[in-house]
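Chain naming here is simple, since letters A, B, ... match the order of the sequence lines and numbering starts at 1 in each. What you see below is based on every heavy atom in this structure, not just the backbone, and it leaves out hydrogens, waters and symmetry mates. Computed from a predicted model, the values in this text were never measured in an experiment.
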Number of protein chains: 4
Amino acid sequence: MSSSHANSQEKKKDRRSVREESRAVYRQAIMQAAIQIFGRTGFRDTKIADVAAEAGVATGTLYNYFSSKEDIFQSILDDGRERLGAELELLANIEDPLVRLRELVRVMFGFLEQHGALFSIYMQIGVNPVTFKCEADAGDEAFRQAILAQITAFLAEAGARVRLDHPSQTLAMALGGLINAAILAWVEGGCQPGLSDQTEVIMDLFLYGATPR
Amino acid sequence: MSSSHANSQEKKKDRRSVREESRAVYRQAIMQAAIQIFGRTGFRDTKIADVAAEAGVATGTLYNYFSSKEDIFQSILDDGRERLGAELELLANIEDPLVRLRELVRVMFGFLEQHGALFSIYMQIGVNPVTFKCEADAGDEAFRQAILAQITAFLAEAGARVRLDHPSQTLAMALGGLINAAILAWVEGGCQPGLSDQTEVIMDLFLYGATPR
Amino acid sequence: MSSSHANSQEKKKDRRSVREESRAVYRQAIMQAAIQIFGRTGFRDTKIADVAAEAGVATGTLYNYFSSKEDIFQSILDDGRERLGAELELLANIEDPLVRLRELVRVMFGFLEQHGALFSIYMQIGVNPVTFKCEADAGDEAFRQAILAQITAFLAEAGARVRLDHPSQTLAMALGGLINAAILAWVEGGCQPGLSDQTEVIMDLFLYGATPR
Amino acid sequence: MSSSHANSQEKKKDRRSVREESRAVYRQAIMQAAIQIFGRTGFRDTKIADVAAEAGVATGTLYNYFSSKEDIFQSILDDGRERLGAELELLANIEDPLVRLRELVRVMFGFLEQHGALFSIYMQIGVNPVTFKCEADAGDEAFRQAILAQITAFLAEAGARVRLDHPSQTLAMALGGLINAAILAWVEGGCQPGLSDQTEVIMDLFLYGATPR
DNA sequence: TATGAATGAGCATTCATTCAT
DNA sequence: TATGAATGAATGCTCATTCAT
């Protein structure tokens with residue numbers, strides 16, 4: 001009897017965990033599909049039906065996992081931020097601030113290479129603060145600012161090893177621009193592998209400029 | 001009689017030119033209105049009715065001057081490109097390629113300051129080649145490339161006055177990134193006057209980098 | 001010239017009044033159609049598309065005249081209330097309160113005979129205070145109460161000509177019940193002409209009861 | 001062995017009757033829950049999920065006991081009719097037809113007081129023969145008619161003790177209207193206890209009318 | 001048999017475009 | 001040619017029902 005009881009409990013647990021796992025799997029599948037479609041078509045032009053089709057589920061199913069089209073979009077952004085944020089946190093161990101800066105660039109490039117489609121979602125809001133309205137970009141703008149703040153802090157920590165006749169913010173903005181330019185070129189080139197290799201080039205131009213020494 | 005005939009012809013001409021002028025005035029009014037609304041609301045979220053209201057005409061009237069919502073949008077872009085292109089052509093007179101480069105930056109910044117609302121239209125397509133689909137961005141991407149090509153040419157013309165261990169395209173891309181960064185910061189700051197003043201800063205960072213000499 | 005000017009003004013006026021008239025015609029046509037369909041199908045089961053079809057217009061057209069499905073429903077109720085209210089006001093001239101009461105019954109019966117379909121709309125909210133929730137019934141419940149209040153007042157004015165061992169409100173409630181019963185029977189009988197003829201019967205039963213004198 | 005056999009048969013019986021009892025318990029629980037929710041929200045606005053939640057079962061379970069949402073609704077009505085019918089049958093013992101009539105009113109009032117929520121379900125179809133369409137109201141309309149027929153019969157049985165210048169049906173209809181009015185007032189007053197006390201008032205007004213003797 | 005997630009038909013509303021005046 | 005009302009296709013979301021576990 002006790003075994004049967006234990007068994008029943010076990011089954012319940014199993015069922016629950018199976019269900020939870022299944023939920024996670026569905027959520028991920030939907031988000032992956034949505035990343036593809038949003039990335040390809042843009043938020044407004046994406047039809048929920050298309051996302052469902054890409055995910056291989058019925059439209060109604062989406063609403064068992066997300067409350068609305070916007071919720072899906074937000075969840076993708078949040079998820080991406082979380083992942084990138086986690087990767088960036090690992091940089092804290094690096095002693096030298098300029099090395100840390102270089103690795104930050106490398107991490108971002110690596111992240112984009114891994115999550116190409118996700119990136120174009122970011123493009124829809126991150127690069128264009130004017131177009132995309134309040135609802136959706138709040139969190140993301142904060143994230144952009146957070147990265148810029150980190151770059152600024154690294155530069156400040158570098159002290160006299162970088163120029164002091166421009167404020168750290170200005171230098172950070174410049175590096176941000178160079179990173180974006182590399183990304184843009186990479187996207188235009190069709191997202192071919194090798195973005196990470198641009199790290200050295202970007203850092204070289206950032207640190208030493210276009211003039212020969 | 002001949003005078004009367006001449007008169008009649010003149011009248012016809014007048015009438016025709018008056019009509020043409022009137023058409024041009026309407027077109028301009030509609031485009032101005034559309035720039036405001038598109039800039040404020042984004043392409044997809046803009047309603048034709050709002051553009052018409054802003055322009056002070058009936059919705060049907062728009063379709064006497066433009067064939068569709070997209071046509072209006074495209075016309076705005078073409079118009080802007082034409083104007084900026086004309087301003088950039090004036091640079092040809094400048095001898096020194098690096099001075100020419102600096103003035104190119106200044107011209108772009110000046111243009112943006114003058115056409116703030118127009119700029120955010122550009123944002124909707126120019127900065128994000130991924131999102132905005134084929135129909136609309138063809139012309140604009142070409143324009144972007146044209147500017148980059150010009151920058152590249154200027155840099156090539158500068159010969160050994162710039163580093164030769166990176167291809168001119170790479171340097172051009174870097175300058176493009178710095179320009180974009182400055183623009184982005186300007187927009188985030190609320191498009192306050194003074195963007196042109198960033199020309200020196202951008203060129204300084206581009207040419208000499210972040211490392212003290 | 002002045003004549004031409006006057007003419008132009010006239011035309012404008014004409015156009016405006018024609019337009020206003022046209023608007024009114026459309027509104028009425030849509031409301032009539034909606035009365036039919038709501039009456040036949042009930043609020044929830046009525047599809048906007050059906051109303052539009054019945055009215056002979058496109059679905060979008062409805063929204064040029066009403067802001068929502070509920071707005072159409074409300075407008076029908078308001079309109080009906082207004083008409084019935086106007087008819088009831090004419091009773092004020094009648095001296096004898098009991099005659100006035102009888103004529104009130106006759107007016108209500110006559111109104112229903114004229115607006116049969118409209119009646120079943122009333123049924124959807126008026127008779128069932130429990131089911132139909134807050135949004136829609138506020139105005140109508142108030143109207144019901146207003147009529148009951150009027151009946152109550154007439155009875156009070158009748159003084160000792162009616163029984164004083166029950167409060168006027170109770171008597172009014174009873175008369176209301178008799179009216180409703182007659183209406184119900186009339187509806188069940190297929191809304192055949194002759195409802196007004198029930199006035200005397202209802203008043204007779206109300207005043208003298210079921211017991212022979 | 002035979003005992004074991006008998007035992008086994010007994011067990012089967014037990015098991016079956018246990019199962020049947022269990023089925024009945026579930027059915028009742030679901031119907032009770034549905035009465036609450038339907039009464040609160042109305043048929044169309046009630047979600048099966050809400051009924052299931054109120055009943056404390058899964059949505060799928062409902063469909064093991066009822067074939068559809070409408071089936072649940074119908075079952076509630078049938079059940080209520082059955083119960084009320086049973087109570088009304090007890091009146092048969094009463095000799096005097098007018099006393100029987102009075103007790104019929106009392107039984108109905110008592111039934112409503114006991115089954116308040118059920119009542120508002122009745123309201124959704126019983127009082128409004130126009131709105132609620134054929135599928136659902138057939139049974140109920142029949143029941144309404146059955147009650148009216150009973151009232152009519154009682155009145156006919158009363159012979160000259162009631163007025164003969166109106167057909168019994170008309171008198172029955174009048175009493176039905178008075179009953180409804182009392183119910184309506186009771187509902188509007190929030191279903192406070194004491195509805196049964198209205199029996200005397202209703203009968204008094206029905207029998208003697210509003211005119212003092 | 002209970003479960004609860006998947007299903008997908010159904011529907012109110014929007015808005016670019018057309019067209020009669 | 002200007003007008004602005006009519007048009008109707010398009011789409012996000014709901015929820016009764018089914019079904020695999």
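- In DNA chain E, runs of at least 3 stacked Watson-Crick or G-U pairs (N1-N3 plus N6-O4 or O6-N4, or N1-O2 plus O6-N3, all under 3.5 Å) give these stems: E:2-21 with F:2-21.
- In this structure, the separation between CG on A:Asp71 and CG on A:Leu62 is 11.0 Å, given to the nearest 0.5 Å.
- For C:Tyr26, a side-chain nitrogen or oxygen approaches OP1 or OP2 of F:dA6 to under 4.0 Å.
- Atom CD1 in C:Ile35 sits 11.0 Å away from atom CD1 in C:Ile72 (nearest 0.5 Å).
- Taken from CZ in D:Phe66 to CD1 in D:Ile76, the straight-line distance is 7.5 Å, to the nearest 0.5 Å.
- Classified by interplanar angle (parallel below 30°, tilted 30° to 60°, perpendicular above 60°), the ring pair D:Phe73/D:Phe38 is perpendicular.
- The phosphate of F:dT1 has neither OP1 nor OP2 within less than 4.0 Å of any side-chain N or O from B:Asn64.
- Atom CG in D:Asp50 sits roughly 9 Å away from atom P in F:dC15 (whole-Å rounding).
- Put simply, CD1 on B:Ile72 is 10 Å from P on E:dA16, counting in whole angstrom units.
- Protein atom CG of D:Leu62 is 10 Å distant from nucleotide atom P of F:dT17, rounded to whole Å.
- Nucleotide E:dA16 holds its P atom 16 Å from the CZ atom of B:Phe66, rounded to whole Å.
- The separation between C:Arg27 atom CZ and F:dA6 atom P is 13 Å, rounded to whole Å.
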Treat primed atoms plus P, OP1 and OP2 as sugar-phosphate and everything else as base, then score nucleotides 8-13 of chain F 5' to 3': B for base contact with protein heavy atoms under 4.0 Å, S for sugar-phosphate contact only, - for none. BB-SSB
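- Here B:Asn64 pairs with nothing under the side chain to side chain contact (heavy atoms under 4.5 Å, CB included) rule; sequence neighbours left out.
- The closest side-chain heavy-atom distance from C:Glu70 to C:Gln74 is not below 4.5 Å.
- The CZ atom of C:Arg81 sits 10.0 Å away from atom CG of C:Asp79, with the distance rounded to the nearest 0.5 Å.
- Atom pair C:Ile37:CD1 and E:dC11:C1' shows a separation of 16 Å (rounding to whole Å applied).
- As a whole-Å value, the separation of C:Tyr65 OH from E:dT14 C1' is 17 Å.
- A:Arg23 has no side-chain polar atom (N or O) that falls below the 4.0 Å cut-off from OP1 or OP2 of E:dG4.
- Here OG1 of B:Thr46 is found 6.0 Å from NZ of B:Lys69. Values are rounded to the nearest 0.5 Å.
- Ring-plane geometry between B:Tyr65 and B:Tyr26 is classed as parallel, the angle between the planes falling under 30 degrees on a 0 to 90 degree scale with a further cut at 60.
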